[in-house]
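Notes to accompany the following structure.
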Amino acid sequence: MGNDKRVEHLRDMIEIRLFENAVFDLRVSGEYVGSTHLYNGQEAIAVGACAALGEGDAVFSTYRGHGWAMARGVPALSLFAELLNRTGGICEGRGGSAYFTAPDHGFFGENSIVGAGAPIAVGAALAAKYDDSDRVTLTAFGDGAMNQGAVTEAMNFAATFDLPVIFVCENNSYSELTPIRDMVREQDLTRRPEALGIPAQKIDGNDVVAVEAAISGAVAEIRSKSGPVFFEMMTQRLQGHYVGDPEHYRPKGEIESYKDIEPIARLRRELNSNGITDAELEQITAEASKTIDRALSQAKMLPGLEQTAVRDVREHVYG
Amino acid sequence: MGNDKRVEHLRDMIEIRLFENAVFDLRVSGEYVGSTHLYNGQEAIAVGACAALGEGDAVFSTYRGHGWAMARGVPALSLFAELLNRTGGICEGRGGSAYFTAPDHGFFGENSIVGAGAPIAVGAALAAKYDDSDRVTLTAFGDGAMNQGAVTEAMNFAATFDLPVIFVCENNSYSELTPIRDMVREQDLTRRPEALGIPAQKIDGNDVVAVEAAISGAVAEIRSKSGPVFFEMMTQRLQGHYVGDPEHYRPKGEIESYKDIEPIARLRRELNSNGITDAELEQITAEASKTIDRALSQAKMLPGLEQTAVRDVREHVYG
Amino acid sequence: MVEQAGVNYGGAINAALRRCLAEDERTIFFGEDVGKPGGVFGVSKGLHAEFGNRVFDTPISETAMIGAGVGAAMMGMRPVVEIMWLDFAMVAFDQIVNQAANVRYVSNGKLSAPLTIRTQQGYLPGSCAQHAQNLEAFLLHVPGIRVCMPTTPQEAYDSMMSAHYCDDPVVVIENRGLYAGPKTEINIGAEPSEIGGSVLRREGSDITIVSWGPIISEVLAAGDQMPSRGIDAEIIEAVWLNPFDWNGLIRSVKKTRRLLVVHEANVTGGFGGEILARVVEWDIQVSHMRRLGLPDVVVPASPVLMNELRPSAESIVAAAVEAIWCRS
Amino acid sequence: MVEQAGVNYGGAINAALRRCLAEDERTIFFGEDVGKPGGVFGVSKGLHAEFGNRVFDTPISETAMIGAGVGAAMMGMRPVVEIMWLDFAMVAFDQIVNQAANVRYVSNGKLSAPLTIRTQQGYLPGSCAQHAQNLEAFLLHVPGIRVCMPTTPQEAYDSMMSAHYCDDPVVVIENRGLYAGPKTEINIGAEPSEIGGSVLRREGSDITIVSWGPIISEVLAAGDQMPSRGIDAEIIEAVWLNPFDWNGLIRSVKKTRRLLVVHEANVTGGFGGEILARVVEWDIQVSHMRRLGLPDVVVPASPVLMNELRPSAESIVAAAVEAIWCRS
Ligand SMILES: Cc1ncc(C[n+]2csc(CCOP(=O)(O)OP(=O)(O)O)c2C)c(N)n1
Ligand SMILES: Cc1ncc(C[n+]2csc(CCOP(=O)(O)OP(=O)(O)O)c2C)c(N)n1
Ligand SMILES: [Mg+2]
Ligand SMILES: [Mg+2]
């Protein structure tokens, strides 16, 4: 992979980071309310994976999915608008932080029930057997979700029917406030899909290049009609489980220890050593910052939901 | 294991077989109604396993659990009575074929939801951590149940907390009417518990001696405070999934092919070659037959539920 | 093109599934044992042979099954998922309540989940507690899920067709006791109608009885016995419970001024309460309203016990007599 | 020995859990993040430190968690299982509906499942659809499951104690919006009372308003506004929904002859219907009965939208005014 592509990835990751930082501020200052799960620290996974997917492919994420939405190309403007109760929000205020959905961008949505997205993604993959598409479906979930029966059922279903789906387990070492290592006996989560007959691999989820390579390979195989693939992407989150999490459970110094390995720092260093100057890197950050700032200020200028969506609040409902 | 014990096992297995044959007749002739799942062909598992368990241990089975109830020592009389709508039935008519429950015999019941017994058994094992008992809990379920999320969750829960529970998967090669081999990609089901950190082993479930040995070993280990163990017991059922199953899905000749390997024929042969004569074996069968016949005729003489239980039909209910 | 077919209840469903598969490429049909074995109740016999891998058996994984239905539907398919007993849907209830039901609303209409879940429920003699519940009230409390409970071959055919062409998730609740019922001539091939609707099973002037599910046969038998007690009952079968034919009900109650709801489900929290409450809230003047259902008890396996509990023609007649003679 | 403690709602539950753990060896308490982290809402703070492995964190496996609770209870323990949101119980609903509920009945009383499931539910501003439902009606349709919904520190303490000593499964539905509420002095240490009971929150003569869950605060605010409209409301909080205090309700309705049920759950299929139906069936003469709840809609995330839908003091007053002035 050349520097150009790396720079593009860096820009995408920084945009996600800055978007999330802005969301954090909005949430903390009370400009909107509602449970919010940030993606900081895990950007390489969404960015690397989505770089390997085509337009017609389908992505299903969890509540920790802002980064996935953006990596699929959903404009930050429509995400800010969604949070800030503005018309033009990606779900016109019905979804909120935990339920961003943008099928136009091949983003079939976040899901706030742990593990529940996996069977649905498998259904999207099932559809590809019949609808003459070569669609690959990717579903992301956390380490903790591995303990939810739905995920095992989904993986077995996909394995049994050779479905074109990529399971991405984003192992950030915590299931909410509890370390995953305390909630499993066998620490290697790839053994589970393997036991179902699904090829599985551990990937450094902080290395956007490695992520893209892994997913690209899987996509190529799957498009030529092989079955499901599983990746355990090792990563970390750089803040609380949700905005407001006091993180009492976090060992002192843990976040600092991620400083050099987290994906943005890592890629900056790599580009640095590939000859990209600090000034050039700062330039990228500055541009990304402008993009996000502009999206936010545009979102704030959109009319509030009071004006439109409230009128239709009962539409699409079947009591 | 000496001949004496083998003879005892043979008697127990034959009693179960004859009980089930009698149940089949009762059901087919309409002397009672209700869905009924027979244990024929799988007797070595319940008999071998229960021989290795102590009185204070707890067994949880599925709807295919008549054999487990009997192997735990529940009198055939109270089981017949349960089916035949007589007072003195093991649940006074409330349970029926699919829900035999006899805590006095350490039999915590059948369960008619595939996979649902496993988490409950895990709870019984959890209790043993606190109640100063050295109780071992055993839960049996089918091959098909391996695809139910509840079973994976239960196994992971038990593994994480080192609970004293034995998981027995009775692989009779069918999930209802569908071969298990078509419903999984990886055929070796022991890989699943292994992937959760649970030691697992395939056992010839038609060999009562092997079953007893395996469970005895596990019980010993567990009582000395190791965690869960898993066994895949390879077996077959010698009739339909339920009484009335036309078995169209069954390849011609399949049942005949089991003739020599099914557990009773197998053990008879073994005893034969150990010097027990055919006459002695016939004697065992005759005695078992008498036991079952007597239980059935006694059950038929019990008063009907009309006389007692009907009065209390709403008791233990909380609307 | 309307044709006739002589089919029983199970055959009618089979015919509807066959037609959906034949005329709509988006149809796939899956569930435990529904493919090669043709279904535990034989309802899908021949479909796998005719439509190949569009009809298939699944692992015993209701969460994966319904989830796969939701996902496939989101991508434009028209999946039909069979859940063998509605009781079993409890292991996968999240996929109905939190997933299927939300798709259209939360995405602001950008997505929909035109999924049909075919299932069956109810107590027959000998059903154990976990295979005997009547759980329609759960589904009727979930906005976004449509529900019907056909009991005749024609109703079964029509409601399956309507469900299939509905753009939102529908749960079709059948009954295993009906599958092998008598053959009747039914119309097939007509344009599928919109979901919804009830059937006036008997006209009468003294009391409205609304019911659904196979207990309707007891209700009809009761209706036949009532004239000898001087009662002329109007009987409405609510084939569709969501959308419910409230207008039909109101018309009838305005005429009879008496209402009896009969359902097999447990009384407390059953849908009967909703019906009575609506009649009250709509200020329809009535002199008597009652519900008849299973008392609040787990279903015992023994038919001897179960028969003590379930509503019957006898108890329905008694309730009607009380409505007319003791309180008018 | 009755003592006083100054606690908020969350603190009251913490105190009750601590007491159960201290005085009853059979108590174990587990759930996601309830151990070392002390609970996502801080409700179980300090309990793991005090009681060691009797208070522990679990994998995200609601089916295993509730199942483990059922099994441990069958063996004589008194487990308390926390399900973080009642919405999440949908993934494990089988263990409540088909398992816990059946234990005593089907075993003919030889077994019981004295399990307490602590959970919370409801929509707060910004709650997404899958974290916002009010699902008590599901549980109230399941014979064998007891249900309460405390809203004050004292109620929370008392109902947790009663649930713990109840010999059957109880679901205690709390509300996350209440945990960090104001501290009040509550009585602790009294003998736990039997499950059941309601609280008369306001005496009045013109209309009975029965409600449960945190919407009760809107109801009380509405009650305070009503005198200026010439209405004197009687307000009953149904802390226990099963067993429900039917006698208390009847007494009140016989006095006021008007009934308004207010709940946060969706109206259709909600428990309000059951209440109206019973009043009808018991032939209590009333001039007016209504329900107020969430219209049949999925809960939208935006508070702007949600506020259009949820019942409020304003809509409650309006409903009462209609009851008194438009229709008496
Ligand atoms: C079925 C269910 N149980 C519990 C929760 C509450 N919950 C939300 S996120 C979460 C932790 C998930 O951890 P993991 O899967 O590792 O994902 P991460 O948050 O780390 O991305 C929990 C327990 C839920 N949303 N759904
Ligand atoms: C959750 C659930 N799904 C489906 C069923 C219907 N069902 C009953 S038995 C069975 C097959 C189970 O197969 P297996 O686990 O291999 O056990 P076996 O019957 O062979 O002993 C099925 C699908 C059920 N009872 N519960
Ligand atoms: Mg995690
Ligand atoms: Mg099997």
Side-chain angles (χ1 to χ4, degrees), chain A residues 27 32-36 63 82-86 89 91-99 110-116 142-151 175-180 182-184 241-242 245-249 304-307 309-319, chain D residues 31-42 45 48 56-65 67 84-85 87-92 94-95 123-133 176 266-270 293-310:
Chain A
R27 180 69 189 81
Y32 83 94
V33 293
S35 193
T36 302
Y63 48 87
E82 180 69 11
L83 299 176
L84 294 171
N85 307 303
R86 297 304 202 280
C91 299
E92 286 292 325
R94 292 174 172 197
S97 166
Y99 223 148
E110 296 184 278
N111 200 314
S112 276
I113 300 295
V114 168
D143 45 283
M146 292 295 288
N147 291 336
Q148 185 64 226
V151 171
S175 317
E176 218 165 77
L177 321 181
T178 298
I180 184 69
D182 295 344
M183 294 297 113
V184 299
H241 172 69
Y242 57 96
D245 176 2
E247 297 186 78
H248 293 314
Y249 55 89
L305 290 174
E306 296 81 358
Q307 331 225 345
V310 158
R311 202 190 47 219
D312 306 325
V313 65
R314 299 188 191 202
E315 218 175 77
H316 307 128
V317 161
Y318 317 91
Chain D
E32 292 155 15
D33 304 321
V34 304
K36 288 185 201 154
V40 263
F41 305 112
K45 223 160 33 189
H48 173 70
F56 61 95
D57 301 312
T58 66
I60 310 176
S61 305
E62 281 79 4
T63 302
M65 290 155 62
M84 210 181 281
W85 252 260
D87 312 67
F88 309 160
M90 298 299 101
V91 303
D94 172 67
Q95 288 291 340
Y123 35 83
L124 291 180
S127 310
C128 82
Q130 297 169 326
H131 284 59
Q133 295 162 101
R176 63 195 175 283
N266 292 114
V267 170
T268 297
L294 193 74
D296 298 323
V297 47
V298 174
V299 180
S302 166
V304 177
L305 303 178
M306 198 258 274
N307 284 336
E308 284 298 303
L309 299 166
R310 73 180 312 213

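In what follows, chains carry the letters A, B, and so on, assigned in the order in which the sequence lines appear, proteins first and then strands, with residues in each chain numbered from 1.
Considering OG of D:Ser61 and CD of A:Gln148, their distance stands at 6.0 Å, rounded to 0.5 Å.
Residue A:Tyr242 touches chain D through its side chain alone, counting heavy-atom pairs closer than 4.5 Å. The part of D:Leu309 that comes within reach of chain A is its side chain, from C-beta onward, which places non-hydrogen atoms under 4.5 angstrom from that chain. Only the backbone of A:Glu92 comes within contact range of chain D, with at least one heavy atom under 4.5 Å from a heavy atom of that chain. For D:Met84, the part lying near chain A is the side chain, with the backbone staying farther off; criterion is any non-hydrogen pair under 4.5 Å. Proximity to chain A is absent for every atom of D:Val267, based on heavy atoms less than 4.5 angstrom apart. For chain A, no part of D:Thr63 is nearby; none of its heavy atoms comes within less than 4.5 Å.
Considering every non-hydrogen atom in both D:Pro303 and A:Asn85, the closest pair reads CD-OD1, 3.4 Å. Across all non-hydrogen atoms, the minimal contact from A:Met183 to D:Asp57 is CE-O, 3.6 Å. The minimum heavy-atom distance linking D:Val297 with A:Val313 is given by the pair CG2-O, 4.0 Å. For the pair A:Ser112 and D:Phe88, the tightest heavy-atom approach, listed with the atom from each and the gap, is O-CE2, 4.4 Å. Annotation for D:Pro59 and A:Asn147: closest pair CB-ND2, 3.4 Å, computed over non-hydrogen atoms.
Counting heavy-atom pairs closer than 4.5 Å to chain A, the top-ranked of the candidates D:Gly269, D:Ala64, D:Gly42, D:Gly126 is D:Gly126. Between chain A and the options D:Glu32, D:Met90, D:Gln130, the largest number of non-hydrogen pairs under 4.5 Å is found for D:Gln130. If you tally non-hydrogen atom pairs under 4.5 Å between each of A:Ser175, A:Pro246, A:Ala98 and chain D, the highest count goes to A:Ser175. If you tally non-hydrogen atom pairs under 4.5 Å between each of A:His241, A:Glu306, A:His248 and chain D, the highest count goes to A:Glu306. For chain D, the option among A:Asn111, A:Ile180, A:Val114, A:Asp182 with the highest count of heavy-atom pairs below 4.5 Å is A:Asn111.
Here the side chains of A:Arg314 and D:Pro295 are in contact, with some heavy-atom distance below 4.5 Å.
Donor-acceptor pairing under 3.5 Å is recorded for the side chains of D:Asp33 and A:Thr178.
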